[in-house]
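Following this message is one structure expressed as structure tokens.
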Amino acid sequence: MSCFSFTATRDWCYRSIFTKSGLRSTITDLGDGTVIHCWVPKTRKESKPNLLLIHGFGANAMWQWGDLIPYLVPYFNLYVPDLLFFGDSYTTRPERTESFQAHCLMRVMEAKSVKKMSLVGLSYGGFVGYSMATQFKDAIEKVVICCAGVCLEEKDLENGLFKVSHIEEAASILLPQTPEKLRELISYSFYKPPRGLPSCLLRDFIQVMCTEFVEEKKDLIRTIPKDRKLSELPKITQPTLIIWGDQDKVFPVELASRLKRHLGEAAQLVIISNAGHTFIIEKPKETFKHLKSFLIDN
């Protein structure tokens, strides 16, 4: 007998949170084999700034931003897309770079008649957000990079900066296909990982969230470090906030300091104590405090 699907139920709960927060689900067909799902305001208020939330690897966008949505909705017109090969977004095109993801998101925002926005990029979403800030300087007003190692170099893998030394090993953890691999991912992601999770719940999560577009997602991961050099990374000019958990085991905090040095005075760096890669889930109130201070109060 199969386990009750906790994952499907949790997904329904997140969907309910988004809907009750004044967001609606939309599909944008870009006409080139690319389709993007995005949560958008039911009613956009001109008095509020526009904020784009870009998720990372893992479940769909709802799971990654659900804890912050109730805090952010009173202050922003929120746009929460699923990146390509996550949720209901996909493409038949061959491109797998964060630059292509960024280009697609910008086309969606243009389709929604959003001309100016700030953005928050979480983990892989930070790579995409950084690329958006580079490509679309006039449209992106402020940038928040959350635990995204955009300053990593290809040689960092070989030099022991990360817990894993090969990109294929990283892909097997980031795209878990067994309960054991999912436990490993959880142990890397959380400062205090939940323990005693039954295998049936983990299998259920994998079945619902981790079995579609596996090869395409692997290609996304492989593309991240390929030929990556800090000397070739453009310096974005927008005001930038960098937020990191001090116990991050996915992207070590050294990469936060590296990004701050790279950007110089244009960037602020905030380190959240006793938090891992999933600090948005572990400490949503503290995360919101920093977001509000930078995006609204400043």
Side-chain angles (χ1 to χ4, degrees), residues 5-25 37-42 48-83 86-87 118-126 128-129 144-148 174 182 185-195 197 201-202 204-205 208-210 241-251 270-296:
S5 181
F6 169 82
T7 307
T9 303
R10 187 69 173 160
D11 199 66
W12 180 89
C13 291
Y14 278 128
R15 188 172 296 274
S16 178
I17 289 171
F18 274 57
T19 302
K20 290 177 180 177
S21 297
L23 301 176
R24 63 185 177 89
S25 173
H37 172 263
C38 187
W39 290 91
V40 305
K42 291 176 183 174
K48 291 182 181 181
N50 301 312
L51 184 62
L52 175 65
L53 302 179
I54 312 174
H55 68 83
F57 271 83
N60 60 42
M62 293 188 299
W63 285 63
Q64 298 189 41
W65 295 110
D67 294 296
L68 271 181
I69 291 297
Y71 295 102
L72 295 171
V73 158
Y75 298 94
F76 302 97
N77 296 311
L78 292 181
Y79 295 83
V80 193
D82 285 316
L83 290 171
F86 296 87
S118 294
L119 64 81
V120 184
L122 174 62
S123 193
Y124 175 67
V128 177
V144 183
I145 301 293
C146 298
C147 58
L174 290 169
L182 182 49
L185 175 59
I186 291 169
S187 73
Y188 279 125
S189 301
F190 288 85
Y191 170 53
K192 292 183 178 179
R195 303 193 183 280
L197 294 172
L201 284 182
L202 299 178
D204 177 58
F205 180 86
V208 176
M209 291 292 174
C210 305
L241 174 64
I242 305 163
I243 312 180
W244 228 271
D246 67 341
Q247 303 297 320
D248 195 319
K249 289 176 276 191
V250 176
F251 288 123
V270 169
I271 305 294
I272 297 181
S273 299
N274 301 320
H277 193 65
T278 55
F279 65 79
I280 281 183
I281 295 172
E282 294 174 308
K283 297 196 172 182
K285 289 182 180 179
E286 186 173 346
T287 302
F288 169 69
K289 179 187 74 173
H290 295 303
L291 292 177
K292 181 174 179 291
S293 175
F294 176 70
L295 294 170
I296 296 290

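A quick note: this is a predicted structure, and the numbers were derived from the prediction, not measured.
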CA sep, side-chain torsions, deciding dist, call: Leu197, Ile186, side-chain contact (heavy atoms from CB on, under 4.5 Å): CA-CA 10 Å; Leu197 294 172; Ile186 291 169; 3.7 Å; yes
- Query: Under 4.5 Å between any side-chain heavy atoms of Ile69 and Trp39, yes or no?
  - Reply: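 SC-SC contact between Ile69 and Trp39 ruled out.
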If every non-hydrogen atom of Asp67 is compared with every non-hydrogen atom of Pro284, which pair is closest and at what distance?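 So the two residues come closest at O-CB, 4.1 Å.
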Identify the two heavy atoms, one from Ala59 and one from Met209, that lie closest to each other, and give their separation to 0.1 Å.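 Smallest heavy-atom distance, with atoms named: CB-SD, 3.8 Å.
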Check: Does Thr278 use its side chain to pair, donor to acceptor, with the backbone of Ser189 at less than 3.5 Å?
Finding: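 Confirmed, Thr278 side chain pairs with Ser189 backbone.
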Any chance you could measure Arg24, atom CZ, to Thr19, atom OG1, to the nearest 0.5 Å?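 Reported to 0.5 Å precision, the distance equals 11.5 Å.
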- prompt: Once you round to the nearest 0.5 Å, how far does NZ of Lys285 lie from OH of Tyr71?
  reply: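 Answer rounded to 0.5 Å: 4.5 Å.
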I need the minimum non-hydrogen distance between Trp244 and Ala148, along with the two atoms involved.
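So the minimum-distance heavy-atom pair works out to CH2-O, 3.2 Å.
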- Query: Once you round to the nearest 0.5 Å, how far does CD1 of Ile271 lie from CD1 of Ile242?
  - Reply: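 Reported to 0.5 Å precision, the distance equals 8.5 Å.
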To the closest 0.5 Å, what do you measure between CZ (Phe76) and CD1 (Ile296)?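 That separation rounds to 3.5 Å.
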Review point. Does any N or O in the side chain of Lys48 come within less than 3.5 Å of the main-chain N or O of Leu78, such that one atom is a donor and the other an acceptor?
Key: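 Not a single qualifying donor-acceptor pair exists.
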Looking at NZ of Lys20 and CG of Leu23, how far apart are the two atoms once the value is rounded to the nearest 0.5 Å?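 Reported to 0.5 Å precision, the distance equals 13.5 Å.
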Heavy-atom check, side chain of Val120 versus side chain of Leu68, under 4.5 Å: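 The answer is no; the side chains never approach within 4.5 Å.
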Checklist line | Side-chain donor/acceptor of Ser293 to backbone N/O of Lys289, under 3.5 Å | finding: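 Pair absent, no side-chain N/O of Ser293 close to backbone of Lys289.
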In residues 11-18, what donor-acceptor pairs under 3.5 Å come from side-chain atoms, sequence neighbours left out?
{"from": "Asp11", "atom 1": "OD1", "to": "Asn60", "atom 2": "ND2", "distance (Å)": "3.0"}
{"from": "Asp11", "atom 1": "OD1", "to": "Trp63", "atom 2": "NE1", "distance (Å)": "2.8"}
{"from": "Tyr14", "atom 1": "OH", "to": "Arg10", "atom 2": "NH2", "distance (Å)": "3.2"}

Evaluate the side-chain proximity of Asn274 to Lys283: yes if any heavy-atom separation is below 4.5 Å, no if none is.
->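 Answer yes - side chains close enough.
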Keeping the roles fixed (side chain from Asn77, backbone from Leu51), state whether a donor-acceptor pair exists under 3.5 Å.
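Such a contact is absent between Asn77 side chain and Leu51 backbone.
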- Query: Of the non-hydrogen atoms in Cys147 and Leu122, which two are nearest, and what is the gap between them?
  - Reply: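 Heavy atoms of Cys147 and Leu122 come nearest at SG-CD1, 3.7 Å.
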task: Check whether any side-chain heavy atom of Phe279 lies under 4.5 Å from a side-chain heavy atom of Asp248, and answer yes or no.
output: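 When only atoms from C-beta onward are counted, Asp248 and Phe279 do not touch, as no gap falls below 4.5 Å.
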Review point. Can you find a heavy atom in the side chain of Pro81 that is under 4.5 Å from one in the side chain of Leu52?
Key: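 Touching, per the 4.5 Å side-chain cut-off.
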Notebook entry, point to check: Would you say the side chain of Pro41 lies within less than 4.5 Å of the side chain of Tyr79, judging by non-hydrogen atoms?
Noted result: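 A side-chain contact under 4.5 Å exists here.
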**OP:** Provide the closest heavy-atom pair for Glu282 versus Lys192 in the form atom of the first, atom of the second, distance.
**Re:**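 Nearest pair, atom of Glu282 first, then Lys192: OE2-N, 3.8 Å.
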| said: If I compare all heavy atoms of Ile280 with all of Gln64, which pair ends up nearest, and what's the gap? | reply: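 Taking Ile280 first and Gln64 second, the nearest heavy atoms are CG2-O, 3.8 Å.
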Report yes if the distance between the aromatic ring centroids of Phe86 and Phe57 is under 6.0 Å, otherwise no.
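Yes.
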task = Working to the nearest 0.5 Å, report the span between CG of Leu174 and OG of Ser123.
result =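 That separation rounds to 7.5 Å.
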Minimum side-chain heavy-atom gap Leu291-Ile243 below 4.5 Å
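Result yes, sub-4.5 Å side-chain heavy-atom pair found.
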Using the rule given for side-chain contact (heavy atoms from CB on, under 4.5 Å), can you reason through Tyr191 versus Asp246, listing the C-alpha separation, both sets of side-chain angles and the distance that settles it, and then say yes or no? CA-CA 9 Å; Tyr191 170 53; Asp246 67 341; 5.8 Å; no
So, does Glu286 use its side chain to make a donor-acceptor pair with the main chain of Ile272 at under 3.5 Å?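 Pair absent, no side-chain N/O of Glu286 close to backbone of Ile272.
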Item checked: Result of checking Val128, Asp82, Val144, Val80 against Ile54 for side chain to side chain contact (heavy atoms under 4.5 Å, CB included) ->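 Testing each of Val128, Asp82, Val144, Val80 against Ile54, the sole residue satisfying side chain to side chain contact (heavy atoms under 4.5 Å, CB included) is Val128.
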(Q) Are the side chains of Leu295 and Pro49 in contact, using a 4.5 Å heavy-atom criterion? (A)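 No, side chains not in contact.
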